[in-house]
Colleague: 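Could you have a look at this structure, given as structure tokens, before my questions?
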Amino acid sequence: MTIPLRASGPGLPAAAGLLAALLILGGCASVQPKPTTQEEVAERVQSDQTKMFADQEPVTGPIGFHEAAARAIKYNLDYRAKLMEEALARGILDVSRFDMLPKLLANAGYAWRSNDLAQRSDQVVPNRVPFAPFNTSLDNSRVYGDLTFSWNVLDFGVSYYRARQQADQVMIAEERRRKAMQNVLQDVRTAYWRALGAQRLLSRIDAVMNRADQAMVRARQIETQGLMPQPQILAYQRALIDATTLLQIRRQDLELSQAELSALMTLPPGSRFTLADEQEVPLPPVPSNSTDLEDMALQRRPELREEDYRKRITALEVRKSILSTLPGVSFDLGGNYDGNSYLLNNTWAQGGVRVSMNLLRLAAIPSIKKANEAQQQVDETRRMALSMAVLTQTRVATQRYGLALADLKQAEEGARVDERLLDYARAAQTTRVDAELEVIRNEARALLSQYQRYIAYANAQAAWGRVYNSVGLDVLPADVEQSDVKSLAATLARTLDGWERDAFTRRRSGAAPTPIRTAGADVAGK
């Protein structure tokens with residue numbers, strides 16, 4: 001008995017599929033290593049240089065300390081990188097919130113086969129029907145689609161804890177941004193006062209170097225003409241070189257400090273700027289409330305606050321792991337369409353409830369709890385070690401500041417003595433060569449003393465900045481990008497003055513410091 005079947009062949013769909021396969025294979029074979037061209041590198045360099053210094057407020061006058069700090073914080077690339085990392089963390093948090101929503105799945109497609117889906121079936125009771133003919137209930141080509149609303153309670157719970165963990169990651173990025181701001185301020189504090197000393201001393205150093213060069217020329221003329229014994233005139237030249245060698249080294253150090261400050265403010269290389277010749281800020285006395293400062297450091301240091309958020313992330317991780325062992329309940333509801341011409345109903349709705357559970361996963365609960373306890377112990381030990389380091393840094397920073405003030409006092413006294421010696425040498429100067437040498441020597445010594453005095457003051461400022469850093473004080477608002485340089489400089493001046501009047505002079509009173517408030521303080525609680 002012959003059963004006729006509908007004839008069908010590969011046709012156009014088969015040819016299209018073969019062509020697509022050939023294109024894919026050809027594309028895979030064409031992928032080869034391709035080095036970056038010189039033109040692409042040059043374009044990248046040009047683009048980076050343009051972006052690095054774009055949208056900066058121009059320098060319109062002498063730059064004071066607070067303006068230099070404001071420019072560094074606003075335009076410093078390291079700090080801007082931390083801002084971008086914080087923005088990225090907030091973006092990931094926004095995405096993770098959508099993971100808690102139910103799923104609305106849309107599915108559509110086109111199906112084709114080269115021949116009929118012919119089949120036959122037999123009854124369960126034997127010998128009732130000896131043979132059943134082939135039949136089909138499916139078109140060779142059809143269009144289908146569905147729209148399904150699905151919500152899994154277990155997935156919702158896991159996504160909820162994951163979103164809370166990401167919220168804590170946002171707060172960690174916020175603390176890292178705070179640390180970057182504090183480090184930038186510390187670097188600017190050191191570089192600015194060194195650069196200001198360089199600005200005040202470089203012209204005087206150049207004048208002494210010119211006088212020494214002129215004296216060296218005259219000494220060589222005297223040696224050539226034989227007006228003085230050769231050992232004496234050579235000793236004179238050696239003394240001139242000794243007097244100016246160290247001065248030349250110090251001059252190079254001063255020039256580098258200006259370049260360092262320019263880099264911190266992210267000014268284009270070679271930019272010319274002048275620092276405001278403002279009076280040096282009187283340094284405050286050594287803080288006497290060391291215990292209060294240590295308490296503040298334990299509450300405000302970004303590193304310790306980051307550990308607090310990591311502890312919360314660890315606690316949420318164990319909850320998420322235990323939750324994943326529970327049964328998962330899924331609710332589904334959707335509408336369907338199938339273009340198969342053999343169907344009586346081409347559209348229909350369907351729904352259901354499913355419960356699933358990995359029973360073997362229950363055996364992992366004790367291990368999960370044990371791993372969580374070990375992780376908590378590691379976190380606590382790390383936090384305790386970091387707290388001890390913070391206490392030590394705060395105490396040492398205060399002591400170093402006291403030593404820096406003592407060094408500054410000694411440098412000032414030495415500079416005063418050398419200035420008086422220079423005045424005496426100038427008053428006693430005659431036309432003799434050795435008298436001129438003595439004046440040059442005293443001028444070089446006085447300039448070196450002034451250099452030491454400026455360096456001592458810059459070191460004292462740096463030590464004072466380390467006290468700020470050790471306590472973890474915030475000196476600017478979180479919305480740095482929305483403020484101009486002038487406003488940031490004014491805010492910085494008010495904040496520094498307020499901290500010096502309050503935190504560093506407050507006696508032991510038992511009152512807790514004002515809680516820190518940042519722009520993202522409400523993220524982790526959501």
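Remember, predicted model here, so these are calculated numbers, not experimental data.
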Colleague: Distance check, rounded to the nearest 0.5 Å: R305 atom CZ versus L298 atom CG?
Modeller: 12.5 Å

Colleague: Where is the tightest heavy-atom contact between R300 and V471, given as atom of each residue plus distance?
Modeller: CB-O, 3.5 Å

Colleague: CD of Q450 to CG of L201: how many Å apart, nearest 0.5 Å?
Modeller: 6.5 Å

Colleague: With a 3.5 Å distance limit and no angle check, can you tell me whether S262 reaches the backbone of A259 through a side-chain donor-acceptor pair?
Modeller: no

Colleague: For atom CD of Q410, decide whether the heavy atoms of other residues, nucleotides or ligands shown that lie under 6.0 angstrom number more than 12.
Modeller: no

Colleague: State whether the side chain of E307 and the backbone N or O of R382 hold a donor-acceptor pair below 3.5 Å, judged by distance alone.
Modeller: no

Colleague: What pair of heavy atoms forms the shortest contact from A458 to T190, and how long is it?
Modeller: CB-O, 4.2 Å

Colleague: Assess the residue pair S96 and S159 against the criterion (side chain to side chain contact (heavy atoms under 4.5 Å, CB included)); give the C-alpha distance rounded to whole Å, side-chain angles, the decisive distance to 0.1 Å, and a yes or no.
Modeller: CA-CA 7 Å; S96 65; S159 299; over 6 Å; no

Colleague: With heavy-atom distances below 4.5 Å as the criterion, would you say the side chains of P287 and L293 are in contact?
Modeller: yes

Colleague: How far does OG of S290 sit from CG of L391, to the nearest 0.5 angstrom?
Modeller: 11.5 Å

Colleague: Is it true that a side-chain atom of R301 and a backbone atom of S470 form a donor plus acceptor pair closer than 3.5 Å?
Modeller: yes

Colleague: With a cut-off of 6.0 Å (strictly less than), are more than 12 heavy atoms of other residues, nucleotides or ligands near CZ of R383?
Modeller: yes

Colleague: Run the side chain to side chain contact (heavy atoms under 4.5 Å, CB included) check on N469 and N183 step by step: do they pass?
Modeller: CA-CA 7 Å; N469 259 15; N183 289 339; 3.4 Å; yes

Colleague: Who pairs with N107 by side-chain hydrogen bond (donor to acceptor under 3.5 Å, both in side chains), at least two apart in sequence or on another chain?
Modeller: D146

Colleague: Can you tell if the side chain of D418 reaches within under 4.5 Å of the side chain of L447, non-hydrogen atoms only?
Modeller: no

Colleague: Less than 4.0 Å between a side-chain N and a carboxylate O, is that true for E413 and K409?
Modeller: no

Colleague: Evaluate the side-chain proximity of L496 to L492: yes if any heavy-atom separation is below 4.5 Å, no if none is.
Modeller: yes

Colleague: Quick one: does Y454's side chain get under 4.5 Å of W193's, heavy atoms only?
Modeller: no

Colleague: Has R189 got its NZ or CZ under 6.0 Å from the middle of the six-membered ring of Y468, at an angle within 45 degrees of the ring axis?
Modeller: yes

Colleague: Grab the two heavy atoms, one from L185 and one from A69, that are nearest each other, plus how far apart they are.
Modeller: CD1-CB, 3.8 Å

Colleague: Is E373 paired with K370 through a side-chain N to carboxylate O contact shorter than 4.0 Å?
Modeller: no

Colleague: Please tell me if the side chains of L267 and L261 come closer than 4.5 Å, counting only heavy atoms from C-beta onward.
Modeller: no

Colleague: Below 4.5 Å, heavy atoms only, C-beta onward: do L316 and R162 meet side chain to side chain?
Modeller: no

Colleague: Apply side chain to side chain contact (heavy atoms under 4.5 Å, CB included) to L333 and T148, showing your working.
Modeller: CA-CA 6 Å; L333 178 63; T148 304; over 6 Å; no

Colleague: Please check: side-chain N/O of N372 versus main-chain N/O of I368, any donor-acceptor pairing under 3.5 Å?
Modeller: no

Colleague: State the CD-CD distance between E43 and Q38, to the nearest 0.5 angstrom.
Modeller: 12.5 Å

Colleague: Using a 4.5 Å cut-off on heavy atoms from C-beta on, say whether the side chain of T398 contacts that of V286.
Modeller: yes

Colleague: Looking at E419 and R416, does any basic side-chain N land under 4.0 Å from a carboxylate oxygen?
Modeller: no

Colleague: Ignoring hydrogens, what is the shortest heavy-atom contact between S487 and D484? Give both atom names and the distance.
Modeller: OG-OD1, 2.6 Å

Colleague: Which residue is it: E306, E85, E303? I am looking for the one with a side chain to side chain donor-acceptor pair (under 3.5 Å) to R176.
Modeller: E306

Colleague: Output all residues satisfying side-chain contact (heavy atoms from CB on, under 4.5 Å) with S257, sequence neighbours left out; order by chain, then residue number.
Modeller: R194, A195, A198

Colleague: What distance separates L275 CG from I63 CD1, expressed to the nearest 0.5 Å?
Modeller: 6.5 Å

Colleague: For a side chain to side chain contact (heavy atoms under 4.5 Å, CB included) check, start with the C-alpha distance between R319 and R164, then their side-chain angles and the critical distance, and finish with the verdict.
Modeller: CA-CA 11 Å; R319 294 182 186 179; R164 288 185 57 183; 4.2 Å; yes

Colleague: Would you confirm whether Q186, through its side chain, and R466, through its main-chain N or O, come within 3.5 Å as a donor-acceptor pair?
Modeller: yes

Colleague: Search all heavy atoms of A89 against all heavy atoms of Q166 and return the closest pair with its distance.
Modeller: O-NE2, 3.2 Å

Colleague: What are the two closest non-hydrogen atoms of K320 and Q165, and how far apart are they?
Modeller: NZ-OE1, 3.2 Å

Colleague: Hey, mind stepping through K179 and E175 against salt bridge (charged side-chain N to carboxylate O under 4.0 Å, His left out) and telling me if it holds?
Modeller: CA-CA 6 Å; K179 186 62 179 178; E175 297 303 323; over 6 Å; no

Colleague: Is the number of heavy atoms from other residues, nucleotides or ligands within 6.0 Å of CE (M384) greater than 12?
Modeller: no

Colleague: Answer yes when D332 and R354 have at least one side-chain N-carboxylate O distance shorter than 4.0 Å, and no when they do not.
Modeller: yes

Colleague: Quick one: are V329 and V353 in side-chain contact, heavy atoms under 4.5 Å?
Modeller: yes

Colleague: Does a side-chain N-to-carboxylate-O contact under 4.0 Å join D379 and K311?
Modeller: no

Colleague: Look up atom CG in L326 and atom CG in L154, then write down how far apart they are to the nearest 0.5 Å.
Modeller: 7.0 Å

Colleague: Among pairs that include at least one residue of residues 354-408, which meet ring pair (Phe, Tyr, Trp, His ring centres under 6.0 Å), considering only residues two or more places apart or in two chains?
Modeller: Y401-W464

Colleague: Backbone N or O of E57 within a donor-acceptor pair of the Y75 side chain at under 3.5 Å?
Modeller: yes

